[in-house]
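I have placed the structure first, in the form of structure tokens, so that the comments after it can refer back to it.
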Protein chains: 2
Amino acid sequence: MAEFTTLEHENLNSVVYAALCDALMQGRFQPGDRLKIRDLAEQFGTSVTPIRDAILRLANDEAITFRSPRDIRIPGMAESRYREIRAIRIRLEGLAAETAAQVATSANIRALEAILRENEQAIDAGDRLKGTQLNQAFHFMLPQIAGLPVLNNILRRLWLQMGPHISDAYIEGGRAMIDHHYPVIEALKRHDPAAASMAIVDDILLGGKPILERIVHGEERPARRA
Amino acid sequence: MAEFTTLEHENLNSVVYAALCDALMQGRFQPGDRLKIRDLAEQFGTSVTPIRDAILRLANDEAITFRSPRDIRIPGMAESRYREIRAIRIRLEGLAAETAAQVATSANIRALEAILRENEQAIDAGDRLKGTQLNQAFHFMLPQIAGLPVLNNILRRLWLQMGPHISDAYIEGGRAMIDHHYPVIEALKRHDPAAASMAIVDDILLGGKPILERIVHGEERPARRA
DNA sequence: ACGTCAAAAAAGATGCATCAAGTATCTTAT
DNA sequence: ATAAGATACTTGATGCATCTTTTTTGACGT
């Protein structure tokens with residue numbers, strides 16, 4: 001999962017960054033949670049320097065923000081921001097799906113089907129964490145198949161921002177969260193770019209509905225203290 | 001130009017980051033150029049810490065890379081990567097243009113026209129730096145008009161990567177580089193999203209042609225030493 | 001001349017001390 | 001008992017020392 005495209009010479013800061021990215025994408029942070037450099041340093045068993053480095057990168061990704069100069073927090077998500085991210089995803093994942101449909105091999109298809117099958121089982125078993133991970137894995141597979149690393153990185157950053165807001169939505173959504181993945185695979189099999197794009201758009205709009213509702217009804221500026 | 005959406009409490013690291021971003025986008029670095037933290041610290045009159053912070057953020061943006069653990073450089077651009085970035089820009093700037101066409105005010109139009117006029121003059125005067133800056137300003141104005149800050153940031157990062165590769169193309173291109181900006185403004189005036197999108201796509205594909213040719217004929221892995 | 005290898009210099013990574021600014025706590029006067 | 005002010009603590013930013021690895025360089029042999 002934590003496959004980073006570029007560089008990253010297993011520095012401590014990259015290890016911390018990768019770990020925090022995973023935590024973010026898995027919804028292990030809640031909006032409003034506060035991060036303390038010294039605490040994280042203790043948890044990771046490093047000095048504060050690599051933690052600062054990782055935090056800075058995450059802030060650059062807008063995955064965390066400095067509410068005040070000394071108050072590092074997981075930001076809230078305004079509804080307008082979520083809608084914007086969704087619109088961007090539609091364009092970008094649409095492009096990925098179209099391109100993937102043109103070049104997908106049977107091995108690619110099998111990999112997607114394997115993820116989808118596992119995802120079903122995870123959802124049926126009520127395993128929220130595994131469910132979100134596999135859903136993400138499915139989405140990230142398309143730009144990978146398409147050979148679009150830049151696009152993949154952009155999407156990764158968007159998911160970093162969405163992570164804290166999708167936590168419980170997947171359990172509530174049940175299998176409906178991944179129902180739209182089937183038409184995607186069918187379109188790739190037929191090498192039908194337009195159908196692939198439409199299918200992934202359906203997934204983003206319909207499958208993501210519980211997430212939007214959560215955000216709309218949630219606090220814009222999350223309460224103090226977690 | 002250096003308007004950063006979020007946070008950024010005028011820390012030293014943010015000052016350095018903003019300065020390096022400007023330098024990158026203005027083409028003041030060449031692919032293959034090496035950056036040294038201690039040298040930059042001397043230039044900025046700070047210690048190495050804020051420089052490291054800024055460099056780390058830039059590396060996270062993939063605007064600079066660590067060729068080896070101790071060799072920080074402006075990366076080269078493979079043709080495939082440029083084509084991918086172009087495809088992404090088409091989708092994203094297309095979305096920005098469509099949205100902008102729906103909401104543009106007459107004040108927005110006037111601002112765009114002012115930039116375009118200035119850009120003409122800069123090109124006629126052979127002022128490469130100002131030409132590229134105003135061209136960028138035009139492109140960044142669309143997501144701003146559209147009210148899409150996330151999209152704006154994504155584009156900013158892409159431009160950070162393109163910056164070192166567009167240096168001399170604008171002089172060679174002459175007015176052809178901005179000819180396609182007129183139809184964009186016309187479409188916004190008519191509140192015609194489809195036309196606005198098509199116009200900006202034309203600009204990206206045709207206006208960017210000299211850039212692609214430069215990249216195709218340039219070195220993939222740039223020569224040592226600048 | 002050219003290539004090889006080793007010593008020296010360079011350079012980023014890490015850790016840590018200090019600073020400044022904000023926060024919480026405690027004291028004290030009303 | 002409450003509120004205002006002072007004190008101590010928290011916490012990120014900055015600077016700096018040190019460590020390790022890389023890069024450079026120059027001497028040496030072919």
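Below, chain A is the first sequence line, B the second, and so on; all start at residue 1. Every heavy atom of this structure was used, including side-chain atoms; hydrogens, water molecules and symmetry mates were not.
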| task | Could you check how far CG of A:Leu12 sits from C1' of C:dA13, rounded to whole Å? | result | 8 Å
| note | Assert: residue with more 5' nearest nucleotide on DNA chain C, out of A:Arg70 and B:Thr49, is B:Thr49
| For B:Asp39 and B:Arg52, take the nucleotide of DNA chain C holding the closest heavy atom to each; which residue's nucleotide lies nearer the 5' end? | B:Asp39
| query | Just checking, any donor-acceptor pair under 3.5 angstrom between side chains of A:Asn119 and A:His181? | reply | no
| query | Is there a donor-acceptor contact under 3.5 Å from the side chain of B:Glu62 to the main chain of B:Gln161? | reply | no
| request: Ignoring hydrogens and angles, tell me if any N or O in the side chain of B:Gln136 forms a donor-acceptor pair with the backbone of B:Met25 under 3.5 Å. | output: yes
| query | Has the side chain of A:Asn108 got a donor or acceptor atom that lies under 3.5 Å from a matching backbone atom of A:Thr105? | reply | yes
| query | A:Asn11 CG to C:dA11 P: how many Å, rounded? | reply | 18 Å
| request: Would you mind reading off the distance between B:Asp53 atom CG and D:dT14 atom P, rounded to a whole angstrom? | output: 7 Å
| message | Taking the minimum atom-to-atom distance to the side chain of B:Pro50, which one of C:dT14, D:dT11, D:dG15 wins? | response | D:dG15
| said: Classify B:Ile72 by what it touches in the nucleic acid, base, sugar-phosphate, or nothing, heavy-atom distance under 4.0 Å. | reply: sugar-phosphate
| request: Return yes when atom CD of A:Glu42 has more than 12 non-hydrogen atoms of other residues, nucleotides or ligands closer than 6.0 Å, and no otherwise. | output: no
| said: What contact category does A:Leu56 fall into here, base, sugar-phosphate, or nothing, at under 4.0 angstrom with non-hydrogen atoms? | reply: nothing
| field | B:Phe66 CZ - D:dT22 P separation (whole Å) | value | 14 Å
| For atom CZ of B:Arg34 and atom P of C:dG12, their distance in whole Å | 7 Å
| Taking CG from A:Asp71 and P from D:dA13, how many angstroms apart are they, rounded to a whole number? | 12 Å
| message | From C-beta outward on B:Arg38, which listed nucleotide comes closest to its side chain: C:dA13, D:dG12, C:dG15? | response | C:dA13
| query | Quick one: A:Lys36 NZ to D:dT10 C1', roughly how many Å, whole number? | reply | 8 Å
| note | A:Asn13 CG to C:dG15 P, in whole Å, measures 11 Å
| request: Side chain of A:Ser47 only, please: which of D:dA13, C:dA11, C:dG15 is the nearest? | output: C:dG15
| request: Using a 4.0 Å heavy-atom cut-off across all strands, classify B:Leu35 as base, sugar-phosphate, or nothing. | output: sugar-phosphate
